[in-house]
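Just below is one structure, and these are the notes that go with it.
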There are 2 protein chains.
Amino acid sequence: MDKQTVTIYDVAREADVSMATVSRVVNGNPNVKPATRKKVLDVIERLDYRPNAVARGLASKKTTTVGVIIPDVTNIYFSALARGIDDIAMMYKYNIILTNSDENGRKEVQVLNTLMAKQVDGIVFMGNDISDEVRKEFERAKTPIVLAGCVDDQDQMPSVNIDYTAAVEEATKNLIDHGNERVAFVSGSLDYPINRDYRLKGYKQALKKAGLRYDDKLVFETDYSYKAGQLLQPALQSVKATAAVIGDDELAAGVMNGVTDAGLSVPDDFEIITSNDTKLTEMVRPKMSSITQPLYDIGAVAMRLLTKLMNNEPVENKTVLLPYGLMKRASTH
Amino acid sequence: MDKQTVTIYDVAREADVSMATVSRVVNGNPNVKPATRKKVLDVIERLDYRPNAVARGLASKKTTTVGVIIPDVTNIYFSALARGIDDIAMMYKYNIILTNSDENGRKEVQVLNTLMAKQVDGIVFMGNDISDEVRKEFERAKTPIVLAGCVDDQDQMPSVNIDYTAAVEEATKNLIDHGNERVAFVSGSLDYPINRDYRLKGYKQALKKAGLRYDDKLVFETDYSYKAGQLLQPALQSVKATAAVIGDDELAAGVMNGVTDAGLSVPDDFEIITSNDTKLTEMVRPKMSSITQPLYDIGAVAMRLLTKLMNNEPVENKTVLLPYGLMKRASTH
DNA sequence: AATCAAATTGAAAACGTTTTCAGCTTGATA
DNA sequence: TATCAAGCTGAAAACGTTTTCAATTTGATT
């Protein structure tokens, strides 16, 4: 039934050497006489021997596997990060255990436990928020953890992000400079520090510098979904907003289509700047102006940082900010 | 440095029982006296003991981990399947090792090897094609494999799909019924059986039944990308196509925007039906009519099927076809 | 030929579980 | 009270590697 599995012991016997020697050649240890190496390699080939990574993991206490916690793979923003993570992981011979958390604290805790149980060598965590329970798990972890596209308001964890405050400030300023006096701030939950402490702060700063009064009627807290955006149009109109900075591309697409479907023109009647510069921004009409973020790179750099941490290599800067930009497309003047 | 790790042995000692008993209570084996169970659970709690899944995997020969090979997580079609896979996996207490293959045969083979080395209990494979080398790896695998959104032209592997031929035939017929005599077929590589043997076949059947001549000038073979679609407009115009059935939503969005940007009207001058019914179809203007597929379910069902295979449960039907539909939106009359 | 360091090798002990099998308890039944 | 089955429990052998440490071999040097 089960296909026969050949072990290091079989190879040792056939090659007439010890397991230790086989282990050495498999692991590329140079302390093996070339002739012996060849002999062993031949047997390995003949028997079609594959080292068992689980046994290896147990003996060496390294699994070459890292955990990745993602809110939802289906979200184009996070999947771009995930792609960066996986590519770099592969480059460094790691595999990735990917799990969707739905930003659900309980699920996150549970997943963290499973990952630790599986002895992953490290973890990349994505999400908008780090709940207290999650933070507690982070602390008990025996394993390095880095945050990607996820801000730590207590500034303890290694992380890779952009300067959301500055980016939103710049975007808001841009809209104000176009003559908009009532710029809406459309965001995901303000319980998330990334929105409350960073993005909103940037928005307020821009207002202040422009001498505009902050009006919390212009702040819209919703969830990151296309649908939510679409339904926002009446509310936006009722507060006389003529522009919006929006925290997520799908949400922005929703807002834009809501506005457009209501017969208004983007950008003539309503200007929009979104935040993540995913490929969605180019697919939608008009194309959306956006804060640009190096999405793939955020994931890639996070994973690279993690490899250093896992190797106990010195790390100059544990919280890295990647450069952002502002990409003008057709949803702004 | 390394935080102390507590083992089953420590628990056994503290609770004054054997490892076997600890193992039993951890695994919920009923053959333990309630008093003993409580005693052990208390110690587990006190020492904060977590079973080591790697050791467990070695001893039990089960890792509760499955491999998932995906062309690109960033592709909204595949990420929808992936989400279905992960949810069901979690429901059955499995984790997922996710790796991007880029449809690259060599990478696929390499990944399969890593997955087998890591002793995954099963594999879900996504992709447009199964190369000979990949098929060979499938055959040596000691582990069940199921295909999701991936067709096996040799009809040997367990798989979950929709009836692409019938779906494309219906879509094409719909376009023809609207009076289009020159319906283009825009597809990914025709090296992929899913396109060559299934979708194209449906297209031809519809033509035939409508008494229209098959013209290979109307068949466009390209890659699944927005950009590729956008660039297709001049070619489509030069062969006087007035409608198209398109094999991928991003590609379709590209075609549609290409057509629109060239000053033509969709659907008045050009009708479009796309294939995957991802959320993109709703975000784009006009919204795209599409063949509907239960994307999430394809992944979910594939994973469910895999769990049965992993448990050696009897399976009635190894190649399942889920129902498809046709969703009329604004890109067709 | 003797010597010594370096290069190669192997024996055996981890690694932390599960699982088998035999033995011990227990309580009910005859 | 003797007997027996059922319920619990523990000892120890896997599982398939890596790793340590000592032993052996080798080759150059004197």
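Order of the sequence lines sets the chain letters (A, B, ...), proteins ahead of strands, with each chain counted from 1.
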Select one nucleotide: of D:dA11, D:dG16, D:dT19, the one nearest the side-chain heavy atoms of B:Ala20. D:dA11
Is there a side-chain contact between A:Met303 and A:Tyr92 (heavy atoms, below 4.5 Å)? no
Roughly, in whole Å, what's the span from NZ in A:Lys39 to C1' in C:dT9? 11 Å
Within the structure shown, what part of the strands sits under 4.0 Å from A:Val32 by heavy-atom distance: base, sugar-phosphate, or nothing? sugar-phosphate
Using a 4.0 Å heavy-atom cut-off across all strands, classify B:Arg50 as base, sugar-phosphate, or nothing. sugar-phosphate
Nucleotide of D:dT9, C:dT8, C:dT18 approaching B:Arg56 most closely (side-chain heavy atoms): C:dT18
Where do A:Thr64 and A:Lys93 come nearest, in terms of heavy atoms and distance? CB-O, 3.6 Å
D:dT17 OP1/OP2 closer than 4.0 Å to side-chain N/O of A:Ser23: no
Are any of B:Thr36's side-chain N or O atoms less than 4.0 Å away from OP1 or OP2 of D:dT9? yes
Verify the contact: side-chain N or O of A:Thr21 to OP1 or OP2 of C:dG10, cut-off strictly under 4.0 Å; return yes or no. yes
Describe, in one word, how the ring planes of A:Tyr224 and A:Tyr192 are oriented to each other, choosing from parallel (under 30°), tilted (30 to 60°) and perpendicular (over 60°). tilted
Value in whole Å for how far the C1' atom of D:dC15 lies from CD of B:Gln119: 10 Å
Rounded to whole angstroms, how far apart are CG on B:Asp10 and C1' on C:dG16? 10 Å
Rounding to a whole Å, what distance do you find between B:Asn29:CG and C:dT17:C1'? 15 Å
Could you state the atom-to-atom distance from OH of A:Tyr9 to P of D:dT17 in whole Å? 13 Å
Would you mind classifying the nucleic acid contact of B:Asn31 as base, sugar-phosphate or nothing, using non-hydrogen atoms under 4.0 angstrom? base
Does a side-chain N-to-carboxylate-O contact under 4.0 Å join A:Lys39 and A:Asp16? no
Test side-chain contact (heavy atoms from CB on, under 4.5 Å) on A:Leu41 and A:Glu45 and set out the steps. CA-CA 6 Å; A:Leu41 285 174; A:Glu45 165 103 358; over 6 Å; no
Proximity to the side chain of B:Ser18 - top-ranked nucleotide from D:dT17, D:dA11, C:dT17: D:dA11
Rounded to the nearest angstrom, tell me the gap between atom NZ in B:Lys62 and atom P in C:dT18. 14 Å
Is a salt bridge present between B:Lys136 and B:Asp132, judged by a nitrogen-to-oxygen distance below 4.0 Å? no
Does C:dT17 have OP1 or OP2 sitting under 4.0 Å from an N or O in the side chain of B:Tyr49? yes
Any side-chain N or O of A:Asn27 below 4.0 angstrom from OP1/OP2 of D:dT18? yes
Side chain of B:Leu58 only, heavy atoms from C-beta on: which candidate in D:dA13, C:dT8, D:dC15 is closest? D:dC15
Which comes earlier along DNA chain C counting from the 5' end, the contact point of A:Arg37 or that of B:Pro51, where each point is its nearest nucleotide? A:Arg37
For the pair made of NZ in A:Lys33 and C1' in D:dG27, what is the distance, rounded to whole Å? 12 Å
Minimum-distance nucleotide to A:Arg24 side chain [options: D:dT20, D:dC8, C:dT20]: D:dT20
Can you tell which of D:dC15, D:dT18, D:dG10 lies closest to the side chain of B:Val17? D:dG10
Quick check: on DNA chain D, is the nucleotide nearest B:Met19 upstream (toward 5') of the one nearest B:Asp16, or the reverse? Name the residue that is more 5'. B:Asp16
Rounded to whole angstrom units, what separation is found between the CG atom of B:Asn52 and the P atom of C:dC15? 12 Å
Out of C:dA11, C:dT17, C:dG16, which nucleotide sits closest to the side chain of A:Lys61? C:dG16
